[in-house]
Amino acid sequence: MPKMSYAAPATIPEAIGLLANAAGLAKVMSGGTDLLVQFRSGRTRPELIVDTKKLPGITGIRVTDDGFVIGAATSGAEIGECAALVQAWPGVVEAANLIGSTQVQGRASLAGNLCNASPAADSVPAMIAARATCVVVGSKGRREVPVEDIVIGPGRTSLARDEFIIAFHLPRRPAHAADAYLRFIPRTEMDIAVVGAGVSVTLDAAGVCTDARVALGAVAPTAVLVPDAAAALIGHTLDEAALAKLDAAARAACKPIDDKRGTIAFRTKVAGVLARRAAAIAFERAGAR
Amino acid sequence: MTFIGNKSDLKVVGTRPVRPDGVEKVTGRAAFGADMAMPGMLVGKIKRSPHAHARILSIDTDKALALPGVKAVVTATDFPDIASEEAFVGEGPMNFRDLSRNCMARDKALYEGHAVAAVAATSSAIADAALDLIEVHYEVLPHVIDVEAAMAPGAPLLHDDLFTQNTEPAPAKPSNIAKRVHFRLGDIAAGFREAEVVVDGRFTTQPVHQAYIEPHACIASVGADGQSQLWGSSQGQFMVRAYCAKLLGMEISNLRVIPAEIGGGFGGKTVVYLEPLALALSRKSGRPVKMVMTREEVFRASGPTSGGVVEVKIGARKDGTITAAQAVLKFQAGAFPGSPVQPACMCAFATYDLKNVDVTGYDVVSNRPKVAAYRAPGAPIAAFAVESAMDDLARKLGMDPIALREKNAAKAGTKTAYGPVFPEIGYQQTLAAARNHPHYKAPLGPNQGRGVATGFWFNIGGESSAAVYVNEDGSVNVVSGSPDIGGSRASMAMMAAEVLGIPVEHVRPIVADTASVGFTHMTGGSRVTYATGMATVQAAEKVVEQLKQRAAMIWDIPPDAVEWKDGEAVPAGANAGGFDPLPLAAIALKAGKTGGPIGAEVSLNAQGAGPGFGAHICDVEVDRETGYVKILRYTAVQDVGRAIHPGYVEGQIQGGATQGIGWALNEEYVYDAKGRMDNAGFLDYRVPVASDLPMIDAVLVEVPNTRHPFGVRGVGEVPIVPPTAAVGNAIRDALGIRMHHLPMSPPKVRAAVDTGSG
Amino acid sequence: MSKHHVTTTVNGEPAEFLCEPHHSLLDALRDELKLTGSKEGCGSGDCGACSVIVDGRLVCSCLMLAVEADGHAIETIEGLAQGEVLHPLQRKFLEHAALQCGFCTPGLLVAAKALLDRNPDPTETEARYWLAGNLCRCTGYDKVIRAVLDAAAEMRGE
Ligand SMILES: Cc1cc2nc3c(=O)[nH]c(=O)nc-3n(C[C@H](O)[C@H](O)[C@H](O)COP(=O)(O)OP(=O)(O)OC[C@H]3O[C@@H](n4cnc5c(N)ncnc54)[C@H](O)[C@@H]3O)c2cc1C
Ligand code: FES
Ligand code: FES
């Protein structure tokens, strides 16, 4: 077991200072459900763990005029208990709530899910589809970044070593707008997504799609936004032709790998299937509002 | 005691009392393998081979030993190099030489995770650091994982002294094929000539792990005079004692093994891994040493069961009568010989009354962890193939699958291909109960299907010891040598209470250490309730005899004028005299004055274990687009002889069926190109979770085994035999496609939908 | 690498321990506080045998650092019974034979308690999903789920 020290700073500048001045590898920790597993297995050997959970505003959900601000370390369980968020962004919430078991939900956060930079992270496609942004702080100041710009490859992010996320922002919802997230796993629980699909749509009063975002997980080195899939929906109701186009666009966006969790052929086919099914749920939810 | 035929004569057997060890277990007080600590104890850890196959050129332990806090390092040179010798206490075949080399690699590492050295240090962190400081130089050798690849000429050889046994002529060259087994009945060629319909198929299965939730754990303490204690969880303290004594060259009486509570085994804790290393480290360091495996180590280095290839061919007449049944089974044994291919061959067609049978099996080594027993070892692999083929046969004949099985069902008097003739068995009753179950007639929706499959397991008896002691106040202790994995203490207490005629709450059972009770074979082979139960019953009967004698003394009448009824001594009749009944407690109180303590010990070698049969019905719904298979409904019917505690019998059936469902759908060892296991954790080794399953309806059919006083048959193993085929047959029903390869995971099912063949 | 001094509440009692920064809460409970009822089946969050409740939330104690417990309230299996009186869940587990080896049982009971604290009337499906992070290899879950639903019914006074 490597030597490791732990700090739980009370202020953001203090946290930034710890990260900036650490001699060796320093890791930010939110729920620890990825970090501690990797630490125990020896996959990561940080000399310093900076626990964010004592920072002001890092947990909890605030409803603002522009939408929602979700503290970076807010647990999945808390996210699922926020009725206003469930109402506005059911897809993001269901994605966050799919992470792990009840026990993991007690700790797992959106920031950790994103910054662990696994291509299979469940909340990420849903957040990308939702046009979520994150607030990043570091010694160079504060910036707001679209979620899709954070992960640059498996296990790698665009954050500087002294940067971390303090919150996520989700926009307000217009009428007839809703999202949905589906993933495929071999069991019903306790698996990592073989494919994930997030779809967010806005409809007009007649049920025609005026805006859409489709993002896929676990089919490429990072979660991917699929503009062609969105284009297949915009201007259409949920008809067979639109769904077929969506399916094809989703499959075309896949650059998966063969691994213990699924084959290339399987992942590609299922990406199309899930995009269709998630779109159907999003349309139904949007139509019902 | 003679067999009690009438169930209504039983007062305790067949009820559902709270198990005696229950409160400890629901309050977290029960002490499992890792829950024990000793003063001055060190932490032991193992250095393991990162290679699937490699020659060990050198091991340098100097740097590790120099690290402050490191108290001992051991390698193979610290153990005697044992000659080949068959072990006698195991469930499957076991050779002491192989066992020794499996615990600690000598010359070669034969699989990724094979132990090459072990350290003992004052803390876990220091032990970890010491492992990093041990330098092992390897010459990496080509490896082989797959069973048929290992059999192929030119395959990398694991052992250059391994010559296939039981082939004519004897092979001149070594190979990875350790043994060939062959069972034959009648004339197979004639049988196929007689057949009007023939089905055949080639089926494959992957190794699966027992996946008990408790990782292996023990503490060893070796004294300067050689007297040693070992505390830990296993399926047999006497097995641990015998194996460790042999591997370390100790005298058996110098090793006392104390059984901890055991957190599941399913066969996987019928061998030793950590125990000899902990003893060696303790001997070398002069301090107690505790060792606990990580989950990853459990997967990489403790026994899964075999994967196999099974080719099966069955011929029948149009009326459904099977005329010929043939199978070839090739099983991976892991790094050392000893796959369960022999029992698999024996079980393959054992459910059927056949004239012409021909079964051949091959035991094949490859660069994987040495397999360990897993619930009905080998039988589920054979059953997947045979029961899938039987389903195909029923379809080809246009017959109901249960009717086909009933037509050919084994019964009392059926001669098995492996020799014995069946005594009274309950297969036909089991099939009838399945046929009459409402589940079998329930309607199905679109994309849904129903499958039926059956299974068999021998069940064994063997050596057991138990003692029954009456305490001064009339309460009773039962002492046995069988570790309690699933409620066997409850059964022992209940059987003793039944014989003594007292409430079960007055009987407290314990599982004793190797110095406190006579030799007892392992908890395995579904033998405990049968064999240890028989010892308990006989000991209780001896106690009853003593109680009658004491009453006779108190009343001053001849002992045969006393009867034992409902926990009391009563005069045998009017002639015996007019005495008030003497309850057990009253006799116990006077024990000192009537001859001393009352108690009896029995050691026996139980014969006449009754074979068990099961029939499972499974409904699935298949998502054709994702290949996901949902288990909608599951019914498991089984002949259990007689259930001592029906709750725990049902539990065995439900648990076994669930393990079988996991085997059918998702469980498998995944290897990378270098022969390293790629899914050594519960996230990717996918055992069923609660939300994957419906309730499992366990239906108990009771065809008593008349060789046991209460009619007991073993029940723990049969239920894992039918599920793989039951699930496969249900998928066949839903999709119209026969799946030939386990696990029937979503990618395989989706591919089958796309290509039309599985 | 200096040790941290942690002050917490365990099962309603104040508790203090020293731990290394890398120690998990499970390590601290088992090795420092000698509360060995919480089990380690995997050490990676997959089996639930180490389940404890921290400030009312169910978590895996193997996936929480011991130092993080400072100032928080922890409930473990050892606190489930009130003295001699078993919790209804414990009683129902015994009545329904919902344990075989019993290794998963402490974790399952703690997780089930967290469920009933939140949802006194769960459906079978809700109970199954809530408990999906608690592996049991022995029982096939049937009797476990029945015991949980039966305990819930009893606690509702039905
Ligand atoms: C049993 C189990 C099941 C799981 N199942 C799923 C699943 O179904 N789906 C899924 O997507 N994931 C799953 N996971 C993975 C994990 O739970 C999630 O990724 C979770 O969201 C991680 O959040 P965390 O707060 O625990 O992250 P942590 O472990 O705290 O951190 C993860 C990574 O993010 C970094 N990080 C954390 N916080 C910040 C921050 N504020 N700013 C910048 N970087 C940060 C850390 O340095 C680390 O590299 C599972 C894990 C386990 C143990
Ligand atoms: S030990 Fe914590 S989840 Fe398995
Ligand atoms: S009872 Fe053994 S793991 Fe659950």
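Residue numbers begin at 1 in each chain, while the letters A, B, ... track the order of the sequences. Everything numeric here is computed off the predicted structure, so don't read it as measured data.
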Just wondering, more than 12 heavy atoms not from C:Q82 lying within 6.0 Å of its CD?
no
Shortest non-hydrogen contact between C:R137 and B:Y374, atoms and distance
NH2-OH, 3.3 Å
Please state whether the side chain, the backbone, both or neither of C:T139 comes within less than 4.5 Å of a heavy atom of chain B.
backbone
Please determine whether salt bridge (charged side-chain N to carboxylate O under 4.0 Å, His left out) holds for the pair B:D35 and C:R30, giving the CA-CA distance in whole Å, both sets of side-chain angles, and the decisive distance to 0.1 Å.
CA-CA 8 Å; B:D35 296 341; C:R30 291 177 55 84; 2.7 Å; yes
Let me know if B:A657 has heavy atoms under 4.5 Å from chain C in its side chain, its backbone, both or neither.
neither
What part of B:Q659 gets closer than 4.5 Å to chain C, counting heavy atoms only: side chain, backbone, both or neither?
both
Under 4.5 Å, heavy atom to heavy atom, which residues of residues 35-42 of chain C contact chain B?
C:T36, C:G37, C:K39, C:E40, C:G41, C:C42
Does CZ belonging to C:R118 count more than 12 external heavy atoms closer than 6.0 Å?
yes
What's the shortest heavy-atom distance between C:D46 and B:F682, and which atoms?
CB-CB, 3.5 Å
Among B:L683, B:D692, B:D697, B:T658, which has the most heavy-atom pairs under 4.5 Å with chain C?
B:L683
With a 4.5 Å cut-off on heavy-atom pairs, point out which of B:K25, B:R295, B:M695 contacts chain C the most.
B:M695
Assert top hit (heavy-atom pairs under 4.5 Å, partner chain C, pool B:D21, B:D484, B:I696) equals B:I696
Top contributor to chain C contacts, counting heavy-atom pairs under 4.5 Å, from B:G487, B:P688, B:S488:
B:P688
For B:Q654 and C:G140, indicate whether the former's side chain and the latter's backbone hold a donor-acceptor pair under 3.5 Å.
no
Check the pair B:T27, C:L80 against side-chain contact (heavy atoms from CB on, under 4.5 Å), reporting the backbone distance first and the verdict last.
CA-CA 7 Å; B:T27 52; C:L80 192 55; over 6 Å; no
Counting only non-hydrogen atoms closer than 4.5 Å, does B:S691 touch chain C with its backbone (N, CA, C, O), its side chain (CB onward), both, or neither?
both
Counting only heavy atoms closer than 4.5 Å, note whether B:P17 contacts chain C via side chain, backbone, both or neither.
neither
Backbone of B:L693 reached by a side-chain donor or acceptor of C:R128 within 3.5 Å:
yes
Tell me, for B:V23 versus chain C, whether the close heavy atoms (under 4.5 Å) come from the side chain, the backbone, both or neither.
both
Contacting moiety of B:Q652, where chain C heavy atoms sit under 4.5 Å:
both
Let's go through C:R146 and B:E650 carefully: what are the C-alpha distance in whole Å and the side-chain angles of both, what is the deciding distance for salt bridge (charged side-chain N to carboxylate O under 4.0 Å, His left out) to 0.1 Å, and is it a yes or a no?
CA-CA 13 Å; C:R146 287 179 203 276; B:E650 290 158 6; over 6 Å; no
Counting heavy-atom pairs closer than 4.5 Å to chain B, which one of C:K34, C:Q90, C:H87 comes out on top?
C:Q90
Below 4.5 Å from any heavy atom of chain C, which atoms of B:R19 appear? Answer side chain, backbone, both or neither.
side chain
All N/O donor-acceptor pairs, side-chain side in residues 91-114 of chain C, below 3.5 Å, sequence neighbours left out:
from: C:R91; atom 1: NH1; to: C:E154; atom 2: OE1; distance (Å): 3.2
from: C:R91; atom 1: NH1; to: C:E154; atom 2: OE2; distance (Å): 3.4
from: C:R91; atom 1: NH2; to: C:E154; atom 2: OE2; distance (Å): 2.7
from: C:K92; atom 1: NZ; to: C:E95; atom 2: OE1; distance (Å): 3.1
from: C:K92; atom 1: NZ; to: C:D150; atom 2: OD2; distance (Å): 3.3
from: C:K92; atom 1: NZ; to: C:E154; atom 2: OE1; distance (Å): 3.4
from: C:H96; atom 1: NE2; to: C:D150; atom 2: OD2; distance (Å): 2.7
from: C:Q100; atom 1: NE2; to: B:G651; atom 2: O; distance (Å): 2.9
from: C:Q100; atom 1: NE2; to: C:C138; atom 2: O; distance (Å): 3.2
from: C:T105; atom 1: OG1; to: C:G102; atom 2: O; distance (Å): 3.3
from: C:K113; atom 1: NZ; to: C:E75; atom 2: OE1; distance (Å): 2.9
from: C:K113; atom 1: NZ; to: C:D117; atom 2: OD2; distance (Å): 3.0

